[in-house]
J.: 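Submitted below is the structure of interest, expressed as structure tokens.
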Amino acid sequence: MQLNDILEQYPKHETLRDGTPVAVRPLKATDEKAFHAFFCALPETERLLFKHRVTEPKVIREWCKKIDYGRILPLLVLDGKQIIGDASLHQTLGGWKRHIGRISVAVHPAYRQRGVATLLVRELIDVARNVGLEKLEAEFMGEQEGARRAFAGLGFRELLRLPDYARDMQALPHDYVLMGRELKTDEEFTAAGD
Ligand SMILES: CC(C)(COP(=O)(O)OP(=O)(O)OC[C@H]1O[C@@H](n2cnc3c(N)ncnc32)[C@H](O)[C@@H]1OP(=O)(O)O)[C@@H](O)C(=O)NCCC(=O)NCCS
């Protein structure tokens with residue numbers, strides 16, 4: 001399936017576990033301010049473990065300017081105009097990891113434990129399957145236990161753990177944990193009765 005056809009399904013309107021109506025759609029260039037506000041709302045202790053300095057406006061500006069859904073598909077959950085969750089599907093488009101997508105996710109602290117991450121990751125699993133990826137992976141630092149539990153509930157398992165392999169934004173060492181899952185095609189699902 002072509003990515004453009006998949007993207008035409010958005011925005012999707014969903015309801016969180018507590019009944020909150022939300023919209024799910026890809027990031028747009030005009031989201032810059034709301035996207036920056038979303039990252040600023042995350043606790044500093046969590047941001048230290050991120051790969052990018054997400055409170056710097058220029059980082060978010062670049063992301064919003066250089067949108068290329070085929071390479072990075074950032075999918076948002078919105079409550080009205082507020083961004084409350086973000087998950088991205090990263091593809092390498094060539095090379096020996098071209099069949100593997102990588103997913104990362106973050107949810108606004110006020111909206112946690114209501115199924116936002118589950119909703120986003122499930123959407124991206126479907127997208128990944130539909131664009132023909134065969135595997136998904138997600139990278140974590142040792143301390144991101146809640147996140148690993150969320151991914152475990154979505155079919156990911158721990159593939160690798162390297163003690164003190166990663167460095168946070170303050171250069172402190174952390175365990176690196178790689179989780180992954182296989183993606184079955186729709187035909188395989190039907191055949192397996194899954
Ligand atoms: C991890 C994170 C994305 C979870 O978001 P969320 O919307 O609260 O997750 P969900 O409500 O979909 O939870 C799904 C499951 O994950 C597990 N889970 C989520 N947060 C958890 C936590 N803090 N502690 C333990 N388990 C947790 C639970 O098993 C939960 O299922 P349940 O609600 O049926 O018990 C969110 O806490 C976050 O943004 N953390 C900071 C960023 C991060 O660590 N990202 C991961 C790197 S890719």
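Start at 1 and go down the list; that is how both ligands and their atoms are numbered.
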J.: Of the protein's non-hydrogen atoms, which lies at the shortest distance from atom 20 (N) of ligand 1, and what is that distance?
T.: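 Residue, atom and distance for the closest contact: Gln113 NE2, 3.2 Å.
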J.: Under a 3.5 Å distance rule, please check whether Arg98 uses its side chain to pair with a backbone N or O of Gly95 as donor and acceptor.
T.: yes
J.: Has Ala106 got any heavy atom lying under 4.0 angstrom from an atom of ligand 1?
T.: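 Yes; Ala106 lies near enough to ligand 1 that a heavy-atom distance drops under 4.0 Å.
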J.: What do the steps show when you test Ile84 against Leu16 for side chain to side chain contact (heavy atoms under 4.5 Å, CB included), and what is the final call?
T.: CA-CA 12 Å; Ile84 61 164; Leu16 299 184; 4.3 Å; yes
J.: I need the atoms of ligand 1 closer than 4.0 Å to a non-hydrogen atom of Ala147, numbered in the order shown.
T.: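 Heavy-atom distances to Ala147 below 4.0 Å select 1 (C), 44 (O), 46 (C).
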J.: Would you mind checking which non-hydrogen protein atom is closest to atom 41 (C) of ligand 1, with the distance to 0.1 Å?
T.: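 In this structure, atom 41 (C) of ligand 1 has Glu46 OE1, 3.3 Å as its nearest protein heavy atom.
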J.: Please check atom 30 (C) of ligand 1 for a protein heavy-atom neighbour under 4.0 Å.
T.: no
J.: Please list the nearest protein heavy atom to atom 26 (N) of ligand 1 with its residue and the distance rounded to 0.1 Å.
T.: Arg149 CD, 3.7 Å
J.: So, the side chain of Glu62 versus the backbone of Val59: is there a donor-acceptor pair under 3.5 Å, distance only?
T.: no
J.: Taking atom CD1 of Ile125 and atom CD1 of Ile103, what is their separation to the nearest 0.5 Å?
T.: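 Reported to 0.5 Å precision, the distance equals 5.5 Å.
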J.: Protein heavy atoms near atom 5 (O) of ligand 1, is at least one of them under 4.0 angstrom away?
T.: yes
J.: Would you check the N or O atoms of Phe140, main chain and side chain alike, for any that come under 3.5 Å of an N or O of ligand 1?
T.: no
J.: Among all protein non-hydrogen atoms, which one is nearest to atom 27 (C) of ligand 1, and what is the separation to 0.1 Å?
T.: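 Scanning the protein heavy atoms, the shortest distance from atom 27 (C) of ligand 1 goes to Gly146 O, 3.6 Å.
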J.: Classify the contact between Arg17 and ligand 1 as side chain, backbone, both or neither, using a heavy-atom distance cut-off of under 4.0 Å.
T.: side chain
J.: If the cut-off is 4.0 Å to any non-hydrogen atom of Val116, which atoms of ligand 1 fall inside it?
T.: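 Answer, ordered by atom number: 7 (O), 12 (O).
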J.: Pro173 and Arg167: which non-hydrogen atoms are nearest, and at how many Å?
T.: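 Smallest heavy-atom distance, with atoms named: CB-NH1, 3.1 Å.
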J.: Would Thr118 count as being in polar contact with ligand 1, using the rule that some N or O on each side must be under 3.5 angstrom apart?
T.: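 N/O-N/O distance below 3.5 Å exists for this pair.
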J.: Would you check if Gln91 and Arg71 make a side-chain contact, meaning some heavy-atom pair closer than 4.5 Å?
T.: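 When only atoms from C-beta onward are counted, Arg71 and Gln91 do not touch, as no gap falls below 4.5 Å.
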J.: Closer than 3.5 angstrom, by distance alone: can the side chain of Tyr69 be matched with the main-chain N or O of Leu27 as a donor-acceptor pair?
T.: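 Yes; judged by distance alone, with no hydrogens or angles, the pair exists.
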J.: Salt bridge check, Lys28 against Asp31: does any charged N sit closer than 4.0 Å to a carboxylate O?
T.: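 A salt bridge is absent here (no side-chain N lies under 4.0 Å from a carboxylate O).
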J.: Using heavy-atom distances, let me know which of Leu42, Val105, Ile84, Val107 sits nearest atom 42 (C) of ligand 1.
T.: Val105
J.: Of all heavy-atom pairs between Phe156 and Met179, which one has the smallest distance, and what is that distance?
T.: O-CE, 3.6 Å
J.: Select the closest option to atom 16 (O) of ligand 1 among Ala152, Ala150, Ser88, Ala138, judged by heavy-atom distance.
T.: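 Closest candidate by heavy-atom distance is Ala150.
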J.: Heavy-atom distance under 4.5 Å between the side chains of Leu124 and Leu136, does that happen here?
T.: no
J.: Given Gln144, Arg122, Arg102, Arg112, identify the one with the heavy atom nearest to atom 40 (N) of ligand 1.
T.: Arg112
J.: Should Ser104 be listed as contacting ligand 1, given a heavy-atom distance under 4.0 Å as the test?
T.: yes
J.: Please say whether Ala117 places an N or O atom under 3.5 Å from an N or O atom belonging to ligand 1.
T.: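 Yes.
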J.: Can you check atom 38 (C) of ligand 1: any protein non-hydrogen atom closer than 4.0 Å?
T.: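 It does: a protein heavy atom is found less than 4.0 Å away from atom 38 (C) of ligand 1.
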J.: Between Trp63 and Val54, is any pair of side-chain heavy atoms under 4.5 Å apart?
T.: yes
J.: Do Val116 and Val22 have side-chain heavy atoms sitting under 4.5 Å apart?
T.: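 Sidechains of Val22 and Val116: no contact.
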J.: My question is simple, although I want it checked carefully: is atom 8 (O) of ligand 1 less than 4.0 angstrom from any protein heavy atom?
T.: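 True for atom 8 (O) of ligand 1.
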J.: Is Arg114 touching ligand 1 with its side chain, its backbone, both, or neither, if touching means heavy atoms under 4.0 Å apart?
T.: backbone
J.: Under 3.5 Å, is there a donor-acceptor pair between the side chain of Arg53 and the main chain of Arg47?
T.: no
J.: Considering only non-hydrogen protein atoms, determine which one is nearest to atom 11 (O) of ligand 1 and report residue, atom name and distance to 0.1 Å.
T.: Gly115 N, 2.8 Å
